[in-house]
Amino acid sequence: MPELPEVETIKRELEREIKGRTIIKVKNLDAKVSKDSPISLEKVKGRIREIKRRAKLLLIFVDSLVLVIHLKLTGQLLYQKKLQKDKSTRIVFYLNRGFLVFNDPRRFGFIKVFTEKQLKDYLQKVDYGIEPLSKKFTLDAFKKIIDNRETKIKQLLMDQSKIAGIGNVYSVESLFESRILPTRTAKSLNEKEITTLYKALRKILIKAIKYKGASVDTYLDLYGKKGKMVPFLKVYGREGKPCFRCKGKIKRIMLGGRGTYFCPSCQK
DNA sequence: CATACTGCCTGTATGC
DNA sequence: TGCATACAGGCAGTAT
Ligand SMILES: [Zn+2]
């Protein structure tokens, strides 16, 4: 599943590869992808001016419009010199040189087309929290988010309106690194644990970007390559396997309807 | 207000 | 081998 590091990887690759190029036409192979878009996909034409990321959203500024893309669970955004469609190909952007292809086997992802004003309103509506790699995300800011909340710490980390871009993988990984159980309430964390978690979160996100993300599902970068972060994951997807830190057995439980991995012996 | 639950989807894995 | 069923999960919408 693409989370912040995976989306950031694609954002950086898009910046290098397609910024400044031109969208000639759009082929829409699955109406569901853009069903909630106020402007039709076919209207997107012209120079690709800028690429941004907000939370797990990719923002591609084309002429006077903005493409807003969410990969959700299985979305892929690929750059191809020669068009290579497969059965999961939903949208194809024809560029002056090459193709930008949106694949999504499970069809959870979406693309919306906005004017800049509509984008502003949309971002206001979805109300994302702080970007964890921005300067605004200070230890004090994190303490304010933790506050006195009864919510389980893992669910708080994944709440996009509090901190933007953290999903299932990086929430459990940062909690393992900090030796904190995902089932703890936010308010139960002491000062030292909050500081440790704050540092772990940033450290892991930065490391994951360095390795171009973790391909735990169908994630691929812009060039169709898998991320190299999976070998560095300590708990995600390792149910029943020995903990790298204490040799305990990694456990998996359901928390808020999602698979949650942790080491019951060295996380407290 | 905050938090909890549900449905959307389809490829892959499992069971008979 | 083939068919049926379970499972995975981000997030918008709805319920508590
Ligand atoms: Zn352990």
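Everything quoted here is computed from the prediction, not taken from an experiment. Just so it is clear: chains get the letters A, B, ... in the order the sequence lines come, proteins before strands, and each one is counted from 1.
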Per A:T151 side chain, nearest of listed nucleotides B:dA4, B:dT10, C:dG9: B:dA4

Whole-Å gap separating P (B:dC8) and CG (A:D36): 14 Å

A:Q160 vs C:dG10: side-chain N/O to OP1/OP2 distance below 4.0 Å: no

Within the 6.0 Å centroid threshold, strictly below: A:F99 and A:Y94: yes

N/O (side chain, A:K56) to phosphate O (OP1/OP2, C:dC11) under 4.0 Å: yes

Side chain A:E3, main chain A:Y170, donor-acceptor under 3.5 Å: yes

Nucleotide nearest A:R107 when distance is taken to its side chain, options B:dC9, B:dG11, C:dA8: B:dC9

Whole-Å distance separating the CD atom of A:E239 from the C1' atom of B:dA13: 14 Å

Side-chain N,O (A:H70) to OP1/OP2 (C:dC11) below 4.0 Å: yes

5'-most by nearest nucleotide on DNA chain B - A:D159 or A:F108: A:D159

Between C:dC11 (P) and A:K125 (NZ): distance, integer Å: 13 Å

Five-pair end axes of the helix from B:dA2-C:dT16 to B:dC16-C:dG2, angle between them (10°): 50°

Minimum-distance nucleotide (side-chain atoms of A:K162 versus B:dC8, B:dT3, C:dA12): B:dT3

Rounded distance in Å - CZ (A:R106) to P (B:dT12): 11 Å

Main-chain N/O of A:K192 paired with A:N190 side-chain donor or acceptor, under 3.5 Å: yes

Under-4.0 Å side-chain N/O to phosphate OP1/OP2 contact, A:R258 with C:dC7: no

Option among A:D159, A:N168, A:T183 that satisfies the side chain to side chain donor-acceptor pair (under 3.5 Å) test with A:K154: A:N168

Whole-Å distance separating the CG atom of A:L123 from the P atom of C:dC11: 13 Å

Close aromatic pair by centroid cut-off 6.0 Å: A:F176 and A:F262: no

Donor-acceptor pair between A:Y261 and A:E173 side chains, under 3.5 angstrom: no

Nearest-Å distance for atom pair CD1/P, residues A:I253 and C:dA8: 13 Å

Side-chain N,O (A:K72) to OP1/OP2 (C:dG9) below 4.0 Å: no

Under 3.5 Å: donor-acceptor pair, side chain of A:Q160, backbone of A:I166: yes

Phosphate OP1/OP2 of C:dG9: any A:Y219 side-chain N/O under 4.0 Å: no

Short side-chain donor-acceptor distance under 3.5 Å, A:S161 and A:D127: no

Atom-pair distance (CG on A:D104; P on C:dG10), nearest Å: 14 Å

Any A:R149 side-chain N or O less than 4.0 Å from OP1/OP2 of B:dT3: yes

Contact nearer the 5' end of DNA chain C, comparing A:V126 with A:L73: A:L73

Length of the NZ-P vector between A:K187 and B:dT3, whole Å: 12 Å

5' precedence on DNA chain B between A:G257 and A:E150 (nearest-nucleotide basis): A:E150

A:K32 side-chain proximity, nearest of B:dC8, B:dG11, C:dG9: B:dC8

Touch class at under 4.0 angstrom, heavy-atom based, for A:Y236 against every strand present: sugar-phosphate

